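To keep things clear, I will list the structure first and then write my remarks on it.
The first residue in the sequence is number 1, and the count goes up from there. Since the model is a prediction, treat every value here as computed from it, not as a measurement.
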Amino acid sequence: MSEEDSSHGLAPGRVGAASIAFLGLAATAPIVTLVTVIPAVLADGAGQLVPWSFAGVGLLLLVFCSGQAAMIRRFPSAGAAYSQVSRGLGRPVGLAAAWLAIAGYHAIQFGLYALAGVAAAPLLSSFLGLTAPWWTVAAGCWAIVAICGTMRIEIAAGVVGLFAVAQVAVLAGIGAANVLQPSGGRVGPDTILIADPAVLDRPALGLLLAVAVLTFAGFESTATYPEEGFQPRRSAGFGGYGAVLLIALLLGGFSWSMIVAAGPGRAAGIAAARGPEMLFDLAAERLAPWAVTLGRFMLLTGVVVAILALHQAIARYLYALGRERVLPAVLGNIRRRTAAPRAASMTQSLIAGAALAGAHAAGADPGPRTARWLIAGGALSILVLLLFVALAALLHLNRVPGPEGAWGRFVGPVVSVVSLASLGFLAFRDLPALLDLPSGYPLVKVIPGALLACILLAVTHALLLRRFHPIVYAGIGLAGTPVVITPVSPAPHAEPTAPKIPRQRDPGAHRPERVNTSNQRSPGPE
């Protein structure tokens, strides 16, 4: 360990709920959704259902946040879902949650790297007259993220927050122009009201809801910052609420403004004809060229800050696993001067850099289609993760009663479990449509198979730890709380026995762990 490295924890009191909310907002890359997803669903004829779907999913996720915030109050850990699921569903499932989070955020991050070249191409062509290959733009983004990833969290959050606010301001300006200059000269009720209620019964509604919930993937990253929050037990929970509310308002409001600008009867045709350029084409009809260029610049910066926000979340998951020795302990080191998880951050940078270098060496030429596959696969992983968190909250909050009322302890988590399970079923059922691939295409089977393999490997990892490193296994989900071993003198001529690991549902599982090396179950909790 270098002199600048330390095994001390992350520094408290660095970021507030607003900064955490903007980190969550940036991680979802809302402008990428508006450019790549909204035109596609409008072209399929979703029309006025689009803003309503974002509003509905946003409401469901606000209910989810109530259970998540309660779990954060009890377990304010950088491990986020890893710690929460470990307490509610057991250590093996908790480790599966960590693997799903890391794999899902990596996939979304790689998808955004694939989009970086497309986002930068118009700007490079307009200002420099250059045509840069995708990997040069991706390498530039990687360098920025690698440097910012080891900074103090308040500085990184400030950078992300600044560009997130700028992104919201620019989108709000373009959206206002769409509404002030509507198609046909007026904003009628048909731009938001559904004329034919029968449209709600069509299978496309399920697909639209699945698309909507996947566009929120990334807000869960707000749960990785409680240890650095001004109020460790509250800031991250409030940040989750704020992120969901901002995303729902931004996506729902702007998608409605696009319908207003294109016209309810013409939106599908315009979206099909213009595709990802729909947002910029509508803006060009109403605003000066510099405003359109500013919008394209926000798209590029939105990609970069989304990668940075995901980088911070991945680094904290790796840090939490390293701190508990589930992964190599070096990942649990922080930089003394910045209190940032430098080893975890550099590891994540090396993983991303190696993946980009490998793609370039293999001659890959990723673009929007590849990005769609990666982001959809990663978002599905996060959707399964959210279901695990909701189920863990339901079980733990009722198993170990606390100050939460009936809504926060039971009703909210039950609604979250049912709604997320339903949305997950719709997403996997309509996976070919989400990926824009035939049902028999291999990738349609690869993504669910990869998620299942991730869970099975994580459970295998946990069982191996239980067999060969029982003390490390006992510390899973404890956020580095020391595991106390109470030695018991064996009877004469008796064979030594392995320590008995208490189960998560043993009484007092909310207190620090005490592992008893006798054959009797430990009276102490995990």
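Looking at Leu61 and Val57, their side chains come closer than 4.5 Å, going by heavy atoms from C-beta outward. Two residues are said to be in side-chain contact when any heavy atoms from C-beta on lie closer than 4.5 Å; Val168 and Phe163 fail this criterion. Side-chain contact between Arg323 and Ser77 is present, with heavy atoms from C-beta onward closer than 4.5 Å. At a threshold of 4.5 Å between non-hydrogen side-chain atoms, the residues Arg186 and Val260 do not count as touching. Val41 has its side chain within reach of Leu208: a pair of non-hydrogen atoms, C-beta onward, lies under 4.5 Å apart. You'll find the side chain of Thr293 stays beyond 4.5 Å of the side chain of Ser126, heavy atoms only. Leu123 is listed as a side-chain neighbour of Leu300, based on a closest heavy-atom distance under 4.5 Å. Pro39 has its side chain out of reach of Arg274: every pair of non-hydrogen atoms, C-beta onward, lies at least 4.5 Å apart.
Panel note: side chain Tyr225, backbone Gly239; no donor-acceptor pair is recorded below 3.5 Å. With hydrogens and angles ignored, the 3.5 Å screen pairs a side-chain donor or acceptor of Ser381 with a backbone N or O of Leu100. Of the possible donor and acceptor atoms, one in the side chain of Ser345 sits under 3.5 Å from a partner among the backbone N and O of Gly149. Within the 3.5 Å criterion, the main-chain N or O of Val187 finds no donor-acceptor partner in the side chain of Thr191. Between the Arg87 side chain and the Gly477 main chain, a donor and an acceptor come within less than 3.5 Å of each other. Under a 3.5 Å cut-off, the side chain of Ser235 and the backbone N or O of Pro232 do not form any donor-acceptor pair. Side chain of Trp52 to main chain of Ile192: a donor-acceptor pair is present (N/O by atom type, distance under 3.5 Å, no hydrogens or angles). A distance-only check finds a donor-acceptor pair linking the side chain of Arg266 to the backbone of Ala262 [under 3.5 Å]. Judged purely by atom type and a 3.5 angstrom limit, Ser19 has no side-chain atom pairing as donor or acceptor with the backbone of Val15. Looking only at distances, a side-chain donor or acceptor of Arg286 sits under 3.5 Å from a matching main-chain atom of Leu282.
Salt-bridge annotation for Arg152 and Glu228: absent, with no side-chain N of the basic residue lying under 4.0 Å from a carboxylate O of the acidic one.
For the pair Ala427 and Leu383, the tightest heavy-atom approach, listed with the atom from each and the gap, is CB-CD2, 4.2 Å. The minimum heavy-atom distance linking Gly67 with Ala393 is given by the pair O-CB, 4.0 Å. The nearest pair of heavy atoms linking Ala81 to Leu385 is CB-CD1, 3.5 Å. Nearest heavy atoms, Ile307 versus Gln109: O-NE2, 3.3 Å. Heavy-atom minimum distance, Asp436 versus Arg369: O-NH2, 3.3 Å. The shortest heavy-atom contact between Thr28 and Thr33 is O-OG1, 4.2 Å.
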Intermediate values then yes/no, side chain to side chain contact (heavy atoms under 4.5 Å, CB included), Phe425 and Asp430: CA-CA 9 Å; Phe425 169 77; Asp430 297 322; over 6 Å; no
Test side chain to side chain contact (heavy atoms under 4.5 Å, CB included) on Phe54 and Phe216 and set out the steps. CA-CA 9 Å; Phe54 286 122; Phe216 281 80; 4.1 Å; yes
Applying side chain to side chain contact (heavy atoms under 4.5 Å, CB included), run through Thr224 and Ile314 and close with a yes or a no. CA-CA 9 Å; Thr224 62; Ile314 295 170; over 6 Å; no
Would you please test Gln68 and Tyr241 for side chain to side chain donor-acceptor pair (under 3.5 Å) and show each step? CA-CA 10 Å; Gln68 184 188 52; Tyr241 281 114; over 6 Å; no
Worked check of salt bridge (charged side-chain N to carboxylate O under 4.0 Å, His left out) between Glu227 and Arg14: CA-CA 9 Å; Glu227 297 182 36; Arg14 292 290 180 90; over 6 Å; no
Would Thr222 and Leu23 satisfy side chain to side chain contact (heavy atoms under 4.5 Å, CB included), going step by step from the backbone distance to the final call? CA-CA 7 Å; Thr222 56; Leu23 282 164; 5.7 Å; no
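In this structure, Leu387 CG and Ser416 OG are separated by 10.0 Å, a value rounded to the nearest 0.5 Å. Interatomic distance, Thr150 OG1 to Ile334 CD1, rounded to the nearest 0.5 Å: 13.0 Å. Between Phe75 atom CZ and Ser83 atom OG the span is 8.5 Å, to the nearest 0.5 Å. To the nearest 0.5 Å, the span separating CD on Glu404 from CG on Leu397 amounts to 5.0 Å. Put simply, CZ on Arg74 and NE2 on His396 are 4.5 Å apart, with the number rounded to the nearest 0.5 Å. Summarising the geometry, atom CE belonging to Met346 is positioned 9.0 Å from atom CZ belonging to Arg335; distances are rounded to the nearest 0.5 Å.
In this pair, Phe219 and Phe64 present their aromatic rings perpendicular. The plane angle is above 60°, beyond the 30 to 60° band.
Between Phe254 and the options Ile38, Ile31, Asn178, a side-chain contact (heavy atoms from CB on, under 4.5 Å) holds for only Asn178.
Within 6.0 Å of CZ in Phe410 there are 12 or fewer heavy atoms belonging to other residues, nucleotides or ligands.
Side-chain N/O atoms of Glu220 and Tyr105 include a donor and acceptor closer than 3.5 Å.
In summary, the aromatic rings of His106 and Tyr113 are positioned with their centroids too far apart to meet the 6.0 Å limit.
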